[in-house]
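Here is the structure we will look at, set down as structure tokens.
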There are 2 protein chains.
Amino acid sequence: MTSILSNTELLILEAARKVFIHKGFAGARMQEIADEAGINKALLHYYFRGKDQLFEAVFAQAVASFLPMIKDVLEAEIPFREKIVKFVDTYVDLLLANPHIPAFVIQELNTDPLRFVDKLKNYGINPEILFEQIKMDVKNGQIREIRGDHFIVNLLGMCLFPFIARPVVQGMLRKSNEQYELFLHERKKEVVQFVMQSIALS
Amino acid sequence: MTSILSNTELLILEAARKVFIHKGFAGARMQEIADEAGINKALLHYYFRGKDQLFEAVFAQAVASFLPMIKDVLEAEIPFREKIVKFVDTYVDLLLANPHIPAFVIQELNTDPLRFVDKLKNYGINPEILFEQIKMDVKNGQIREIRGDHFIVNLLGMCLFPFIARPVVQGMLRKSNEQYELFLHERKKEVVQFVMQSIALS
DNA sequence: GTCTATACTCTGATAGAC
DNA sequence: GTCTATCAGAGTATAGAC
């Protein structure tokens, strides 16, 4: 998977990533990608067949950088509470390193849902393992009775939302960029605490 | 605000809303909007000056249909717990009626953040009132100690995420359209319960 | 107010030299 | 592999008849 790709090819991919993520598929311009990569427009077509295929490469990479990690943690064989902590920690760190990926994926998924349905299935995240784990812990009196599907959506929502909707949220909270970065870091602790408190037996 | 607008103008706005929300600004085509409205392309320019201004009208309407409600509830003078229930209920219902608005707003806000910064300020949601309310309830021993900024992000994230990321979430949970609709309705109860449990004194 | 026809710009893609 | 030059199509916008 690594560096069978030529130097120029990587340059193009990186430039394309920047532009596509910033502007979306429809808003991106091949010329801008070429400029960003410091090469000529024709080279884009030489390495990739066209805009569609270049985008496809970028999108696949974006998805590949996120879904497998969710999958691994969710399906790991560790206790439920431990899993939550690990998930939030690693996931928010991943988001801090790639803050624009989720909005990008969601945006393109919404404008063209069918294009990638099959791709998503390849990463087939199976939440059943987590659901079973929750049922077990409920039965054993470890946690209060909760539903797995709603729980996972709550968890994902709390982790992802401040990244996806950053402009709105940051504006609403009247935070500077530095303050918001700090805020995002804090969320690891805060989300875990919020969840732990909620699943505890009352 | 109502029906000073001509019939055709409303027809155009409604068509533009559909197309812009579905395709985004860059992906939308004036021709498609004209077709959707059942009129000619030139009429779009007659009523609105061009694509930019037509989009502006649609976007403003989309924002206007959501932010004021958040503001009203957040700033209302009712007890904290009551406010949460009311917020989740009314907000999720609003989302059920307009499920594509949030992703649309976020998408355009991300691709062109500067364009609407001032517009958002007009709706200036002031979360300070809620923060003060939380501090008061904490002091009075009504709820455990929580931070207002993280709390509001948690709440918004849990409400909005299943709408914004519907394709991914629905696929992950392997739900049919009908099942997912039901799931979204259920969230009103589930989110409230999740939050209430979390803010309770332990 | 609404239509047809058209001008003009932008952009993705290709041809062909080096 | 990389560049310059250019084509063909799409898309916004406008002119002008009715």
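Within every chain, numbering begins at 1; the chains are lettered A, B, ... in the order of the sequence lines, protein sequences first and strands thereafter. This structure is a prediction, so every number in the text was calculated from the model and none was measured.
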Of C:dG12, D:dT12, D:dT2, the nucleotide closest to the side chain of A:Tyr47 is D:dT2

Can you check the B:Leu44 CG to D:dT12 P distance for me, whole Å?
10 Å

B:Phe55 CZ to D:dA13 C1', straight-line distance once rounded to whole Å
19 Å

Quick one: do A:Arg81 and A:Asp137 make a salt bridge, cutoff under 4.0 Å?
no

Would you call the rings of A:Tyr180 and A:Phe183 parallel, tilted or perpendicular, taking 30° and 60° as the class edges?
tilted

Provide, to the nearest angstrom, the distance between the CG atom belonging to A:Leu54 and the C1' atom belonging to C:dT11.
15 Å

Touch check for B:Ala26, heavy atoms < 4.0 angstrom, all strands: base, sugar-phosphate only, or nothing?
nothing

Of A:Arg29 and A:Asn40, whose closest DNA chain C nucleotide lies nearer the 5' terminus?
A:Arg29

Hey, does the side chain of A:Thr8 come within less than 4.0 Å of D:dT2's phosphate (OP1/OP2), counting only N and O?
yes

What is the distance from CD of B:Glu9 to P of C:dT2, rounded to the nearest Å?
10 Å

Reckon B:His45 has a side-chain N or O less than 4.0 Å from the OP1 or OP2 of D:dT14?
no

Which part of the nucleic acid, if any, lies within reach of B:Ala28 when heavy atoms closer than 4.0 Å are counted: base, sugar-phosphate only, or nothing?
sugar-phosphate

Given D:dT4, D:dT2, D:dA13, the nucleotide with the shortest approach to the side chain of A:Tyr46:
D:dT2

Crowded around B:Lys86 NZ? As in, over 12 foreign heavy atoms under 6.0 Å?
no

Output the rounded distance in Å from CG (B:Leu43) to P (D:dC18).
18 Å

Measure CZ/B:Phe20 against P/D:dG11 and give the value in whole Å, please.
13 Å

Should the pair B:Glu132-B:Lys135 be classified as a salt bridge under the 4.0 Å nitrogen-to-oxygen rule?
yes

